[in-house]
Amino acid sequence: MQYWLMKSEPDVFGIDHLRKAVIEPWDGVRNYQARNMMRDQMQVGDQIFFYHSNCDVPGITGIAEVATSGYPDKTAFDPAAKYFDPKSDPNNPRWYRVDVKFVRELNRTISLQELREHPELENMPLVRKGNRLSVMPVTEQEWQYILSLE
DNA sequence: GCCAACGTTGGC
DNA sequence: GCCAACGTTGGC
């Protein structure tokens with residue numbers, strides 16, 4: 001069992017959308033580090049913190065779980081898609097995605113500001129200045145600690 | 001292989 | 001809306 005944190009803009013796709021859809025592909029990731037984690041490391045059942053970015057109160061708002069391991073992100077092949085990438089060859093896909101499944105919303109949003117206040121979490125890429133990774137691993141200690149804040 | 005220019009992310 | 005930080009691109 002591994003733990004992850006995934007960022008999404010709530011205006012585009014937030015925890016509410018996932019709650020209604022239950023299972024959705026996590027597509028549109030166009031960053032190699034994040035791609036590698038989805039393609040190579042994520043396993044069905046892994047737990048995910050759902051993080052809202054680029055909004056009034058950025059922070060962790062819910063929990064999801066990995067519903068499929070990595071598979072090619074087909075939106076990269078579709079010229080009409082927002083995340084079309086002409087360099088992604090269907091015979092050798094450049095981008096991958098996983099499906100994620102809604103687990104629950106947190107009782108409250110644990111804001112980035114609050115997460116920064118805890119020395120126990122200082123090694124998380126999330127709280128590092130300038131970090132833009134949209135998919136990142138979370139240690140079991142960090143996972144449990146954050147849940148204890150809820 | 002270097003690095004300047006550019007585009008994007010995302011907090012504030 | 002601003003802008004710092006970072007990743008990518010492409011000329012050389």
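For clarity, every value in this text was computed on a predicted model and none was experimentally measured. Chain A is the first sequence line, chain B the second, and so forth, proteins listed ahead of strands; every chain is numbered from 1.
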>> Please check: side-chain N/O of A:Asn131 versus main-chain N/O of A:Leu126, any donor-acceptor pairing under 3.5 Å?
In response: no
> Nearest nucleotide by nearest heavy atom, which residue falls closer to the 5' end of DNA chain C, A:Arg30 or A:Lys129?
Replying inline: A:Lys129
>> I'd like the 5' and 3' limits of the part of DNA chain C contacted by chain A, with heavy-atom contacts below 4.0 Å.
In response: C:dA5 to C:dT9
>> Under a 3.5 Å distance rule, please check whether A:Glu150 uses its side chain to pair with a backbone N or O of A:Asn107 as donor and acceptor.
In response: yes
> Considering heavy-atom distances to DNA chain C, does A:Gly130 or A:Arg94 have its closest nucleotide positioned more toward the 5' end?
Replying inline: A:Gly130
> Can the ring centroids of A:Tyr83 and A:Trp95 be said to lie less than 6.0 angstrom from one another?
Replying inline: no
> Among residues 51-58 of chain A, which contact DNA chain B at a heavy-atom distance under 4.0 Å?
Replying inline: A:Tyr51, A:Ser53, A:Asn54, A:Pro58
> Is the closest basic N to carboxylate O distance between A:Asp73 and A:Arg30 below 4.0 Å?
Replying inline: yes
>> When you measure from the side chain of A:Asp46 to the backbone of A:Gln43, do you find a donor-acceptor pair of N or O atoms at a distance under 3.5 Å?
In response: yes
>> Given A:Ile15, which partner from the list A:Thr61, A:Thr109, A:Leu106 fulfils the side-chain contact (heavy atoms from CB on, under 4.5 Å) test?
In response: A:Thr61
> Which residues satisfy the side chain to side chain contact (heavy atoms under 4.5 Å, CB included) test with A:His118, sequence neighbours excluded?
Replying inline: A:Glu114, A:Glu120, A:Leu121, A:Tyr145, A:Leu149
> Going by atom types only, do A:Tyr71 and A:Asp99 share a side-chain donor-acceptor pair under 3.5 Å?
Replying inline: yes
